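Bear in mind the structure is a predicted one, so any value in this text is a computation, not a measurement.
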Amino acid sequence: MSANGYQVTGMTCGHCEMSVREEVGEIPGVTDIEVSAQTGKLVVSGSGEIDDAQVLAAVQEAGYSAVRA
């Protein structure tokens, strides 16, 4: 089990969190997602290695930008 942290910019509300959660949740192997619009933090846990490129692309698909924290 691994967990990667990211800093997301542009989130302002619970709907933003839900959008990010939905997109990141489609990545194979992801088992848990913690996201906070208040802090901009995103923590993605998975059964194996988490591919940063997939997470960043999913966040972008949701309409936000992120960097590995």
Side-chain angles (χ1 to χ4, degrees):
M1 184 114 162
S2 63
N4 293 357
Y6 304 88
Q7 187 66 41
V8 181
T9 54
M11 293 189 302
T12 58
C13 63
H15 182 267
C16 299
E17 294 174 352
M18 187 175 65
S19 297
V20 170
R21 191 175 283 115
E22 285 177 3
E23 291 294 336
V24 174
E26 293 180 13
I27 299 171
V30 169
T31 57
D32 188 50
I33 301 163
E34 296 174 36
V35 60
S36 170
Q38 188 174 14
T39 64
K41 292 193 191 252
L42 167 65
V43 178
V44 180
S45 302
S47 51
E49 285 298 313
I50 303 296
D51 183 358
D52 284 338
Q54 285 185 304
V55 174
L56 297 177
V59 171
Q60 189 169 18
E61 186 67 28
Y64 309 98
S65 59
V67 293
R68 178 81 189 257

About how many Å separate [atom2] of [Y] and [atom1] of [X], when rounded to the nearest 0.5 Å?
X	Y	atom1	atom2	value
Arg68	Ile50	CZ	CD1	9.5 Å
Met1	Thr31	CE	OG1	3.5 Å
Thr12	Tyr64	OG1	OH	6.5 Å

Exercise. Who pairs with Tyr6 by side-chain hydrogen bond (donor to acceptor under 3.5 Å, both in side chains), at least two apart in sequence or on another chain?
Worked result: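 Tyr6: side-chain hydrogen bond (donor to acceptor under 3.5 Å, both in side chains) contacts with Asn4, Asp52.
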Which atoms form the tightest heavy-atom contact between [X] and [Y], and what is the distance?
X	Y	value
Arg21	Val35	NH2-CG1, 3.2 Å
Thr9	Ser65	OG1-OG, 2.5 Å
Ser36	Met11	O-CE, 3.4 Å
Ser19	Ala62	O-CB, 3.8 Å

For this session: May I have the step-by-step check of side chain to side chain contact (heavy atoms under 4.5 Å, CB included) for Glu34 and Asp32, ending in yes or no?
Result: CA-CA 7 Å; Glu34 296 174 36; Asp32 188 50; 3.6 Å; yes
Exercise. Can any side-chain N or O of Glu17 pair as donor or acceptor with the backbone N or O of Ala37 at less than 3.5 Å?
Worked result: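 Such a contact is found between Glu17 side chain and Ala37 backbone.
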Problem set entry | Chi angles and distances behind the side chain to side chain contact (heavy atoms under 4.5 Å, CB included) call for Val55, Ile27 | CA-CA 8 Å; Val55 174; Ile27 299 171; 3.9 Å; yes
For this session: Report, as yes or no, whether the 6.0 Å neighbourhood of atom CD on Gln7 holds more than 12 heavy atoms from other residues, nucleotides or ligands.
Result: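 More than 12 within 6.0 Å, yes.
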Exercise. Does the side chain of Ile33 come within less than 4.5 Å of Val43's, by heavy atoms?
Worked result: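 Sidechains of Ile33 and Val43: no contact.
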